[in-house]
Amino acid sequence: MNSRSLRDTVWIIGSAWPYVNFVPHLGNLIGSALSADVFARYLRLRGARVYFVSGSDVHGTPIEVEARKLGVNPREYVERMHNIVKRLFSCWNISYDNYTWTESDIHINFVREFFMKLYERGYIFVREDRLPYCPRDMMFLPDRFIVGTCPYCGYENARGDQCERCGALLEPQQLINPRCAICGSTPEWRETKHWYIDLKKLEKAVREYIEQNDRLPENVKTMALAILQGGLKPRSVTRDNKWGIPAPFPGSEGKTIYVWFEAVLGYITATMEYFSRAGRDSREGLELWKNSNTRVVFFIGKDNIPFHAIILPALLIASGEGYVLPYTISATEYLLYEGKKFSKSQRVGIWIDEALKILDVDYWRFILIYIRPETRDSSFTWSQALELINSILNDTIGNFIHRVLSLIERRLGGKVPSPDSVKLEDESYLDKARDIFCKVTELYENIKLKEALHETVEIARIGNKFLNERKPWELIKTRPSEAESAMSVGLQMVKMLAFSLYPVIPNSMSRLWKMLGYSDSIEEHVWEEALEPVPPSNEIRNVKPLFSKISREHLENRLRELEEDRRARWAKKYPWEQVAVIP
RNA sequence: GCCGCCGUAGCUCAGCCUGGGAGAGCACCCGGCUCAUAACCGGGGGGUCCCGGGUUCAAAUCCCGGCGGCGGCACCA
């Protein structure tokens, strides 16, 4: 895509809304917020208009139950957790234009109006069900909140949806001696009404959208078509929770909207809220969602595909309001931790609060994007992390930058070289670097963030090779003009690195930008400038290494400290006390 | 049980859709260089591409059957 069409387009970038019963872990982060941030930063450098939005998903049964167990108001619970998560994202330099939550007034009102509209358009119907109800907790119990004896294997703590021991799929009615998972009392079966969305009516339109959208990556398309293959069935949009958005339908008092159906609409309300917070009319944000020049891109983990590729498009189509459907959806596979699945109860993994106590945020961003699970699950290991920091980020990239900058600072007194002519052999190296930069551009464009980063490293490799070949430190003794030519080419490569790495490691590249003698910030420049030389009026000064190595001992000590700290934290009562303290 | 994904060098992975040279980075060994953060550059060793069968002139790649690891199966977020 050329720059012009990029600038005419409005991009709405949405990252999956974290459920804030606890803070996200590294696997959550890489799929949603971090990937989205890298892409958003890239687009902004291209000069595109970007609205990057997300928020905390704060309603639903788990939070309601947990809050009750702790004896706190759900509102207090989620307010605390939301604020923590919000602050953590800002520590991770996630450049949201609006990070909100599902308790915002705009959201609640919009969701109620939206579903009322679907009701009026005939997509919602009522059905009576017999569901388990706990008389003591005074609530209906979702399948997994009922436990009892498995009729197949006799396991006594089988859940209402599945027996964990024998793997059998269960209906709650099948359990022998069913009990409420919260208080242990015996549930009653009560009649209750629920409001269903008739997805069958929308199946054809959704299928057309999926089939015709050739920008959807393979994993999204495959899963979406597999779901459509089985046919869409009606799904209940209401729940018997107290904690949530009150259902708007006639006779639905006491019911709330199922969290998934409201949270996906959060992308729209967060965009609206961005405008109202900026002192403008929230309808401007709403209009963007109905403008054919708008491109909506979601960043999610693969578990979120059904709701973003099927349910949300179905809702948008059903509204008949002319909303744009997702331009594309980038869904990562899972990140494993040392080969195992992240799990808080098993204490497997690192959470985004803890991570920042171990390594600098840019190191984390570099590592996570470098191993981003784009086509299949990938595993985070500490030894690989060390390897990436020490030999790729520090030795290959950091050292190349430092070689060039310190040559100029020490040999040319910091004066940016501006040779009368660039030697032919220098030019050929520069061309190679330019080719790589163009390739990187294309990869970013196609949201292949991992490959874009891998390819970026090649610029530094070419640069190192170039310096070894041309030896400007020798040339300067005999042929100063050639030395200047070589150094200017090296500097040009550094500038390319500044741009191509900025989306991934913005802090470090902003520091580099200063060393390159710019007085403004790199955000005020555009991507294409990467191919132009540093202006001769700039002065290279205060050259310092951008990165440093991490020793194995140092890391091991940090991990030991973390282990102790975590033991103390996770023993505490409230989840907000369990979060690591962030400076 | 049903559906899906994965199994390629010591490690992490690319290639597989669109069949023909087995690859990258790191680790290891040798050499060069010494501007630079003991960094950089070049060369090298190293693989029954999970197993078996089939299709084909030709299979890591396509098909079938195993084995091993993992995920989903919708009122779970």
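Proteins come first, then strands; the chains are lettered A, B, ... in the order of their sequence lines, and each starts at number 1.
A cation-pi arrangement is not found for A/Lys255 relative to A/Phe249, the charged atom failing to lie both closer than 6.0 Å to the ring centre and inside a 45° cone about the ring normal.
Screening residues 462-485 of chain A for ring pair (Phe, Tyr, Trp, His ring centres under 6.0 Å), with sequence neighbours left out, gives A/Tyr429-A/Phe466.
Remark: A/Ser383 is not in phosphate contact with B/C26, judged by side-chain N or O atoms under 4.0 Å from OP1 or OP2. The shortest distance between the side-chain N/O atoms of A/Tyr334 and the OP1/OP2 oxygens of B/C6 is not below 4.0 Å.
One interatomic measurement links the two molecules: NZ of A/Lys450 to C1' of B/G15, which rounds to 13 Å at whole-angstrom precision. Whole-Å rounding puts the A/Phe342 CZ to B/C70 P distance at 17 Å. Between the CD1 atom of A/Ile392 and the C1' atom of B/A27 there is a distance of 12 Å, given to the nearest Å. Straight-line distance from the CD atom of A/Glu64 to the C1' atom of B/C76: 15 Å, rounded to whole Å.
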Exercise. Test A/Lys221 against A/Ile210 for side-chain contact (heavy atoms from CB on, under 4.5 Å), laying out the working first.
Key: CA-CA 7 Å; A/Lys221 205 157 194 163; A/Ile210 297 290; 4.2 Å; yes
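The separation of B/G45 from B/G31, taken at their C1' atoms, amounts to 15 Å, rounded to a whole angstrom.
In this structure, A/Lys439 pairs ionically with A/Glu455, as a charged nitrogen and a carboxylate oxygen lie closer than 4.0 Å.
When each of A/Tyr267, A/Phe307, A/Trp17 is checked for a ring-ring contact (aromatic ring centres under 6.0 Å, His included) with A/Phe298, only A/Tyr267 meets the rule.
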Self-check item: Base-contact (B) and sugar-phosphate-only (S) positions in nucleotides 32-42 of chain B, heavy-atom cut-off under 4.0 Å, - elsewhere
Solution: B-SBBB-SBBS
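For the pair A/Lys302 and A/Gly60, nearest-nucleotide mapping onto RNA chain B gives the more 5' position to A/Lys302.
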